[in-house]
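So that the names make sense, note that chain A is the first sequence line, chain B the second, and so on, each numbered from 1.
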Amino acid sequence: MSARQEILQVHNLTVSFSNRDEEVIAVNGVSFTICEGEKLAMVGESGSGKSVTALSLARLLPTPPALYRSGQILWLGEDVLQMDSSRLRRVRGKGIAYIFQEPSTSLNPVLTIGFQIEEALALHRPDVSDRREEVIRLLREVGIPSPELRYRAYPHELSGGMQQRVMIAMALACRPKLLVADEPTTALDTTVQAQIMELLRKITAKEAMAVLFITHNFGLVKDFADRTMVMFRGKIVEQGPTRDILHNPSHPYTQALLSCVPRLGEHKKRLATIDYDQLELAMSQP
Amino acid sequence: MSSSQVPILEVQNLKVYFPIRSGLFRRTSGWIRAVDDVSFRLRKGTTTGLVGESGSGKTTIGRAILRLIPITSGKIFYEGKEIVSLSSKEFRPYRKKIQMVFQDPYNSLNPRLTIEQTIGEALEIHFPQLNRRQRRDRIAELLNKVGLKAEHMDRYPHEFSGGQRQRIGIARALAVEPDLLVCDEPVSALDVSVQAQIVNLLMDLQAELGLTYLFISHDLALVEHISDMVLVLQSGKLVEAAPAEEIYRNPRHPYTQKLLEAVPKL
Amino acid sequence: MRDRLLVRFFLRPRALTAASLLFFLYFLALFAPFLAPYEPSSQALGETFHPPNRIFWANGGFRVQLYRNVDPTAAEYRPIPGKSVPLKWLVHGFRYRFLGILPCDLHLFGVDPPVRIYLLGSDSTGRDVFSRLLYGARVSLSIGLVGVTLTTGLGLLVGGLAGYFGGIWDSLAMRTSELLMAIPGLYLLLALRAAFASHFSSDQMYFLILIILSLIGWSSPARIFRGLVLSLREMPFIQAARVLGLSPWRILWRHLLPNLLSYLFVSSTLSIPGYILGEAALSFLGIGIQEPSASWGLMLAQAQDIKVFALNFWWLLTPGVAIALTVICFNVLGDALRDAVDPRMELQTR
Amino acid sequence: MMTFILRRILALIPLLLGVTALAFLLMSLAPGDFLTPIKAQRDVDPQYIARLEQDFGLKRPWYIQYFYWLRNVLGGDFGYSWTYKVPVLELLWQRAPATVLLNLCSLLFAWSLAIPLGVLSAMYKDSWLDRFTSFVAYLSLSIPEFFLGLLAVFLAARTGWFPIGGLTSLEHELFPPVLRILDVLWHLVLPTLALGVGGIAGILRIMRATVLDVIRAEYVMTARAKGLPERVIFFRHILRNAISPVLSSIGYVFSGLLSGSLLVENVFNYPGLGQLIYSAFLRKDQFLVLGSIVISCLLLVLGNLLSDLLLAWNDPRIRYER
Amino acid sequence: SPGIRPERKACPLPAEPEVWSGRQGKPGGVFVDTVPGEPNTFNWLVSEDATSASFLGLLFDGLTSWDPVREKVIPALARSWEVGPDNQTFTFHLRKGLRWSDGIPLTADDVLFTFQCLYDPRYPNRYGLEFTVKGKPFLVEKVDQWTVRIRTPGIFAPFLRNVGDLPIMPRHILETAWENGTLQKQWTVSDAQRHPERLVGTGPYRIRSYRPGERIVLEPNPCYWKVDLHGVRLPYIDFLITRFVKDQNASLIAFASGQTDAESIAPDQVGWVQRLAPIHHFRIYDRGPSTSSTFLWFNQNPGRNKDGKPFVDPVKLRWFTDRRFRQAISYAIDREGMVRGVLFGRGAPLWGPESPANTKWYNPNVKKYPYNPSQALALLAEAGFVRGDDGVLRDSRGNVVQFTLLTNQENPLRTAMATVIKENLKAIGIEMELQFLDFGALVNKIADSYDYEACLLGLTGGGDPADGMSVFLSKGRLHQWYPNQPHPATPWEARIDELMEKQLSTLDEAVRKKCYDEVQEIMSEELPFIYLVTPNAYAGLKERWYNIDVPKIGSIVWNLDRLWTP
Ligand SMILES: Nc1ncnc2c1ncn2[C@@H]1O[C@H](COP(=O)(O)OP(=O)(O)OP(=O)(O)O)[C@@H](O)[C@H]1O
Ligand SMILES: Nc1ncnc2c1ncn2[C@@H]1O[C@H](COP(=O)(O)OP(=O)(O)OP(=O)(O)O)[C@@H](O)[C@H]1O
Ligand SMILES: [Mg+2]
Ligand SMILES: [Mg+2]
């Protein structure tokens, strides 16, 4: 693992939001790295700062209200937070591509999916001569049946699972080095979720893409990620190989969180819950 | 749970169709068969899980039982009494017995009413004999029961987190002392940790009050945790109904198998 | 929630300014008889189109410059050098009822008759524009409030019931509103007024106009409220109320209405200017409030005479300033309210 | 789509019946009729008046008059204007182009100013530009349009920079074609301004609000994440989504065509429908009034249809079935 | 001015042209003026409004014409005429060689045709009163190609003047339409727009083009029957452009900014327009008092409506029918103040039906009621009214004196006067309500339902006493205070009836004048109409025009056929 090249290094990133009078720190001194082709998962409860961290990587948060308080985000050695807009645009899409949680709102409703993919293609791979052909190829690759017809379809004409496939195709169109998937399956059915995860696994393997996979579903983490980070209240409380985190969680929060996940095969059993007072107590005395 | 008990609710050949209108005169040109010939029984004091993928008709069944939508055909018996044919006035007493917990904790409480008003309203209707003091006491008791504090009574919904709101929703349903609770994906919008709290709460309440649940969810692992019986729904049709242990150990219908396979395992 | 809303709202300096200005204007209207030196209909045929008197400070008191009419055929006035009278406070003048109850003849300021003081000049029959402006404020400022109350009330009733109960009532209400919207509003107004005006005296005309405006106006709020109710009706908390067995009326009253209130409030504020401008437009066409009553619209309509511009009787345009000011204030207020309540709230066009 | 349009047109029939019946009723309620002014002239033979009353059918109850009118309309005959003794349709047809021209111009003017300004003030929310435009919007909302018109007329009269009314110069017929067009445009400037200014504020506000909304949308984030330049994001992704509410306002514009520009046409002595219909109303020239009401209903429905079609064209999610 | 000139096609001059002997001018020039509203038709049979009439005057001529400056009947299509000894037979001699504007000769047949149309029962028209005596039509016969004889069934004073009002119509154009019953649908505005050449007339101008809603352009009639001393055919003006404007205000703006050539100016506007005269080179003529009158009357109709309810509250009717009450009101009204305030000092109080402008018929000896509130109160006291300590006037039975005054809302001067009257009456303790209605509703009340108390209205006067028949006769339609009386209600009304009938049936001007003088005196004594003020009339005209001859009454540019500009 260490032999691989590190494409992204995040040092001590702190992001806050200012709302008129008060300032909320959403991400507090986060540091991590991602290597080429690595599949990294980020878990944590709702509001723990996962999305904010992810969006910060390509400086996608609108800057008021967000504020990058401190830290560095080194993309191939260059600080994203200091880039001018043209350099930044080259990082976005071509360097880091995104898939969001809600596919129905992430696609522009008034443009055909073909056009939206082609747009990315035209921007980042101008050398492709027959773009339409390439888009259809991509659509086929993500498993959309009869892509020639779907090329002209509008997002609302597709089901949620299809829409998410289109999002993946769009990300693929740029051939990014890093794919950030922010809860890509939360809005979907379990059966569809399984299909999408399968697709992601297949494609990242083929293209040798690094993936930052955000979720709160440990089941998916287990099957997908090489490495896992656990976020809690804006901080990364634990990170390491997925296997270790799942089977040997060292941090009390990770332990607590894992315990309240319902598992198959446990019939009529009370679920464990997190007692935050105890958790804080445990965290204050390492 | 012994199977000899009388079913508290029996649904026979329930059909709920929604018309598809089209053409010049908006004629009904077809039907969405949201629920198509579904029959099942709920036994008193047990939890029945209702699973199926999105759009399979789970919510529709729940709403049909509560008469929130008109049904196309079929019969529903509550403790042996047919309730579909009742007028809305005759149905009133059953409103006290069947209650519902909604999926979306953010929209299921009226933002303009305090918690006291929200829950008090239910009491006013079904326990008109209570005076204001008694009502407040009862509300405090209910809040305690769902793990909230009495002083939360005078607050407005937006002052609570999602999990807390879901508890209020449960308290409101419990206020009328129902026998049957239809829970339409009560925890889908919540975080795993909060989800665990709510599920535990529901199980505790069942133990304490002997409630019957129809628990709608698409999380099979969760359903396994809480249910005695599981009903599997596919595009409006009931494809499998069996005791929970049975279904998870030995799914018979291919659709059930597919659903189970898709659950990511830890 | 409500108090936070108010705080959020009053934190905006613009909104605060607008609110206090409006408060001030309504105050003026309420105390018009006390503040006005003359009755709004009191004429001075020898002093038509008198310019505003200059007021200056001398020997420890305000003094009012006097003018002479040098050319009656063009209403040209020149100050008479060295001639002035003292401005007096709390003088006795025409009789009126203070706040509509107490008989009284005290006025904030004035000069000794036969000299008259024109703070904002005089009009074509020598009436004091300032006094008329104050009295006119009563019409113009109240027509908005009352009109909006009537229209929104009617719209809420029709739209709310149509939306909640649906079915035949819904179709009936919506067809009626379409009918009203299909006839060009101005013409409907003309026709209604022509049909009923001859039974009313000019004082009653105010109410007639109000009733006509709201008869025409209810349809668009009704449609909006219907839409809102339709979407609210499907909200889980309304469903929950139904599951609890609440009666439809109670649901309407306790659950739907309060949730419409903020919209109601904002949209009312934003549509008040429409009434003020509507009255002005009606008066412009000669079918609004009538002489000798005063309203800003009527005064402005009378100032449309080209000689007002040509002879620089600028003071006759002050009602225009008053209208603009009020309308701006209401708009600022409405926008601020909307931002405070829900910035995404659907906007209405004029 | 055809069924959609057809349905709209079918829905028009009861509407037209209702509206025209209401119009007849109201006109009969109002005291006086077309002949009233003639009655006030001093050298008119009373027998003559009686004869005219007979001829015009004014002595019949309104519903009978309405019935006859309806029967004629079904035969394609909208009746004669009593004032002008000319078929109503001919009269309306003659005046319509000028009104449509004026309204189109003011729409164009209002849109071409309000849309960019609304967008800019949303993009640079709370900047001085935003403050300034909102101030201008408030101002334009608060000046009655007839008053604006009067100011404009006075300005024109004072300076001579613009003609003070009408649609063409006296020498219009003698001009070469290019000059003729310029002449008409020249005459349109002030009425367009007076009519358009009021519309700016409304559209500007809508535009600003929707752009603020759209800017926050996730697909804009997606577009940005693709690395698209801001300009492209703006024109391709924001504008088209934000324009929908403005398109839906077209419906109102059309329905307001007849009465909306009345005040302005009045002030500028503009040879459009507004003046014609207004005076027909005052004179109780029944058939002209009814004809114009029918036209205005048609315009309303047409406008709504147009805006629905435009909306559907702009936004594929909106289907015709509704 | 455009390079285009109208084609003054060489149509041969009539053998007997009217030779105009004034200052000779030179052809050319464009004359621009305005009219409020738009013509409704160019067919005199159906024409009702003033705007249409003003165009008909330019496009058509009658047998005679009226010179408003010299106030006499002058020859027109008829070069001369004779009156028979019975004072009922008139023989008109048409000018030889007259031609219609399309070049076709005009003969006695056209005159006969015109009368034929006039009396045709298929074509009801408003000329009934002007061309009948006691309901009987005139007898019209053709003597020869150039001579027409007309007999009136009785002596008819205004005959010669009325004949001038009747435009002679071209038989060759309209006969077919007359035959097939479509005469009323001829010569509509749309004919004028599409086929101006079909509107064939004898007047000084013909239609060149017509843009609806904007303007009408007239050009000289190439066959006109007037020439100047040098044999140049009139009119001189190349193009006569009339712009349609919404109202007086718009018209005035156009004139004051130098865009039109002529304008009549209201007294309150003179002040500022005068200032622009040097810039735009126009002159404002003071024509003295105008003929338009404003008056107020009380409803004295004792009748009852269909439900048996009296039109006027009997208590009030008692006041209104009391002459002293009416005189008191007249004394209480400050006419001087109205003139000073409302009319900018440019007007005069009016005491009787005719204003001084009508020099021929005006009677200066009518009774006058200068502003005098105490005189008013004295008269009221005499009539039993009492003014209490609270300042309120009550009648002898203790009824508070109050009533509602109607007027039409379209006229700002009138509404201003109404407010003045309200203030004036307040000063003597009478509370008067005002109600402003649109003209239609107002006329409905005063002419149909009689459901009103008092009304303020005006009439443009200035004509012949014959024009006032419907007003003064007790059975008249416009005898507003109590119209259509079966029998005269009062002795003085009976006397007026008698005088009016008498003046109508004599051709002796002196007798007529005497009768009418007495009518005026009775009116001012009895005050059924309380006359208020008459504004002065002003006319603005561009200085570049010559041969201007401004009359006291009527259109300022009545002689458009000889205006010219260097
Ligand atoms: N635009 C914003 N303005 C203010 N606060 C924000 C904004 N966006 C996020 N936050 C705050 O930042 C914190 C982290 O939010 P974030 O969206 O990263 O959570 P998350 O871990 O992605 O949660 P979830 O699992 O629900 O998506 C939250 O407390 C949230 O309230
Ligand atoms: N009011 C309605 N009108 C028309 N069709 C409806 C209506 N309500 C539901 N349906 C249709 O009925 C079917 C079943 O819907 P239902 O909401 O019961 O599904 P569900 O199983 O609850 O799905 P989810 O898991 O997404 O909540 C769907 O196809 C839906 O489109
Ligand atoms: Mg997130
Ligand atoms: Mg559901």
(request) Find the distance between CG (C/Leu270) and CZ (D/Arg205) and round it off to the nearest 0.5 Å. (result) 5.5 Å
(request) Look at C/Leu300, C/Thr326, C/Ile323 and state which one has the largest set of heavy-atom pairs under 4.5 Å with chain D. (result) C/Leu300
(request) Using non-hydrogen atoms and a 4.5 Å limit, figure out which bit of D/Leu139 sits close to chain C: side chain, backbone, both or neither. (result) both
(request) Go through the atoms of D/Thr210 and report whether side chain, backbone, both or neither lie under 4.5 Å from a heavy atom of chain C. (result) neither
(message) Going by the rule salt bridge (Lys or Arg N to Asp or Glu O under 4.0 Å), which residues pair with C/Glu178 if we only count those two or more places apart in sequence or in a different chain?
(response) C/Arg175, C/Arg223
(message) Atom CZ of residue position C/Phe265 - does it have more than 12 heavy atoms of other residues, nucleotides or ligands inside 6.0 Å?
(response) no
(message) Can you tell me which residue among C/Leu277, C/Leu325, C/Val327 is in a side chain to side chain contact (heavy atoms under 4.5 Å, CB included) with D/Ser142?
(response) C/Val327
(request) Of all the heavy-atom pairs spanning C/Ile328 and D/Tyr138, show the shortest one and how long it is. (result) CG1-O, 3.9 Å
(request) Keeping to residues at least two apart or across chains, list the salt bridge (charged side-chain N to carboxylate O under 4.0 Å, His left out) pairs with something in residues 284-304 of chain D. (result) none
(request) Please flag which part of D/Tyr278 lies under 4.5 Å from any non-hydrogen atom of chain C: side chain, backbone, both or neither. (result) both
(message) Between C/Leu317 and chain D, with a heavy-atom cut-off of 4.5 Å, which part of the residue counts as in contact: side chain, backbone, both or neither?
(response) side chain
